[in-house]
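The block underneath contains the structure these notes are about, expressed in structure tokens.
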2 protein chains.
Amino acid sequence: MQRMTRQRIAVTSLMESLDDFRSAQQLHDDLKERGDAVGLATVYRTLQSLADSGIVDVLRIEDENVYRMCKRTGHHHHLVCRNCGTTEELAGLEVEDWAKKIAREHGFVEVDHTLELFGLCANCAAE
Amino acid sequence: MQRMTRQRIAVTSLMESLDDFRSAQQLHDDLKERGDAVGLATVYRTLQSLADSGIVDVLRIEDENVYRMCKRTGHHHHLVCRNCGTTEELAGLEVEDWAKKIAREHGFVEVDHTLELFGLCANCAAE
DNA sequence: TTATCTGCAAAGTATTTGCATAATG
DNA sequence: CATTATGCAAATACTTTGCAGATAA
């Protein structure tokens with residue numbers, strides 16, 4: 001159902017070489033610089049499809065979506081440096097348990113949650 | 001620094017009478033219906049100012065900001081019914097502690113976090 | 001009085017979509 | 001070859017902003 005087009009390969013390979021979250025526009029620019037230009041709409045469509053398949057993570061930061069290939073499979077959270085973008089993936093079992101407990105207490109079912117941590121990493125704090 | 005204009009009073013009083021999160025556009029419509037029309041830009045500006053003062057909470061749901069007067073003062077989270085919008089405010093001390101612990105373990109400082117729970121409330125689940 | 005607020009319409013921005021063309025399987 | 005993907009530009013939708021006139025203190 002997914003064709004391996006030059007564009008999809010370009011996006012995927014670029015993202016594999018990166019370690020921080022980037023916006024669709026940034027990725028679009030990166031690709032152009034690499035001499036592997038892909039239309040902006042296609043970048044958006046590809047990212048959406050990769051996100052739907054759980055291949056990339058999406059975070060919303062300051063009015064825009066940013067994307068990154070994910071390391072950890074399944075549900076997880078992030079600890080993102082608000083200065084340099086360095087990101088750690090977290091399991092957060094305690095939080096899952098807490099969310100379940102709270103949901104039960106309030107009579108809610110099918111509870112889902114969003115959780116992200118933002119701060120300054122050791123490097124950036126040292127400056 | 002904040003003048004008590006007719007518009008600011010209208011927005012505040014409307015929000016005090018509501019119990020769920022609403023978008024700026026919805027509030028703008030509500031005001032018109034009430035016969036107390038306020039320009040959309042003013043609604044946005046007022047909500048932003050109220051949010052900055054910590055008087056209203058802002059949540060981002062499906063590409064738009066939604067606002068509600070907050071009950072609990074200080075930092076807290078929400079458990080929102082994705083069907084009817086009913087919202088419970090939560091303290092979540094366990095989560096705060098967890099976030100601090102994780103931050104310390106990774107050498108991050110000045111850590112902040114976002115956390116929201118979404119589910120179906122008892123009423124909506126019963127249907 | 002005068003600094004701040006309002007309303008309108010125009011601008012801005014990230015993202016999506018229509019459609020003709022290109023390329024995959 | 002049939003179907004799906006691409007690229008461009010135009011369309012969306014929410015939100016912000018410039019500015020002249022109105023208003024609270």
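All chains are named by letter (A, B, ...) in the order of the sequence lines, taking the proteins before the strands, and each is independently numbered beginning at 1. All values below come from the heavy atoms of this structure, side chains included, with hydrogens, waters and symmetry mates left out.
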Checklist outcome for this item: Heavy atoms of B:L115 and B:H77 approach each other most closely as O-ND1, 3.1 Å
Checklist entry - Under the 3.5 angstrom rule, does the side chain of B:T12 hit a backbone N or O of B:R8 as a donor-acceptor pair? => result yes
Next on the checklist: Just the rounded figure in Å: distance from C1' of C:dT13 to CG of A:D63.
Outcome noted: 9 Å
Checklist entry - Looking at the rings of B:H78 and A:H113, which for Trp means the six-membered one, are their centres under 6.0 Å apart? => result no
Next on the checklist: Below the 4.0 Å mark, does C:dA14 have OP1 or OP2 next to a side-chain nitrogen or oxygen of A:N65?
Outcome noted: no
Checklist entry - Think B:Q2 has a side-chain N or O under 4.0 angstrom from the OP1 or OP2 of C:dC5? => result yes
Checklist entry - Rounded to whole angstroms, how far apart are CD1 on B:I9 and P on C:dT4? => result 19 Å
Checklist outcome for this item: Output for pair (B:D19 CG, B:T87 OG1), nearest 0.5 Å, gives 7.5 Å
Item to check | Within residues 32-55 of chain A: residues closer than 4.0 Å to DNA chain D (heavy atoms) | outcome: A:V38, A:G39, A:A41, A:T42, A:R45
Next on the checklist: Do the side chains of B:D29 and B:R34 get close enough for a salt bridge, i.e. N-O under 4.0 angstrom?
Outcome noted: no
Item to check | Atom pair distance, as rounded to whole Å: CD in A:E62 and C1' in D:dT16 | outcome: 16 Å
Next on the checklist: Measure OH/A:Y67 against C1'/C:dT15 and give the value in whole Å, please.
Outcome noted: 8 Å
Checklist outcome for this item: B:E64 atom CD is separated from D:dT15 atom C1', nearest whole Å, by 11 Å
Item to check | Nucleotide C:dT13, atom P - distance to CD of A:Q26 in whole Å | outcome: 16 Å
Checklist entry - Is a salt bridge present between B:D20 and B:R22, judged by a nitrogen-to-oxygen distance below 4.0 Å? => result yes
Next on the checklist: Is the phosphate of C:dT6 approached by B:T5 (side-chain N or O, under 4.0 Å from OP1 or OP2)?
Outcome noted: yes
Item to check | 5′-ward residue of the pair B:Q25/A:R8 relative to DNA chain D | outcome: A:R8
Next on the checklist: In whole Å, I'd like the distance from the CZ atom of B:R6 to the C1' atom of C:dT4.
Outcome noted: 16 Å
Item to check | Pairs touching residues 42-70 of chain A that satisfy salt bridge (charged side-chain N to carboxylate O under 4.0 Å, His left out), sequence neighbours left out | outcome: A:R68-A:E89
Next on the checklist: It should be established whether A:Q7 places a side-chain nitrogen or oxygen under 4.0 Å from OP1 or OP2 of nucleotide C:dA22.
Outcome noted: no
Item to check | Rounded distance (Å) that lies between atom C1' of C:dC5 and atom CE of B:M4 | outcome: 13 Å
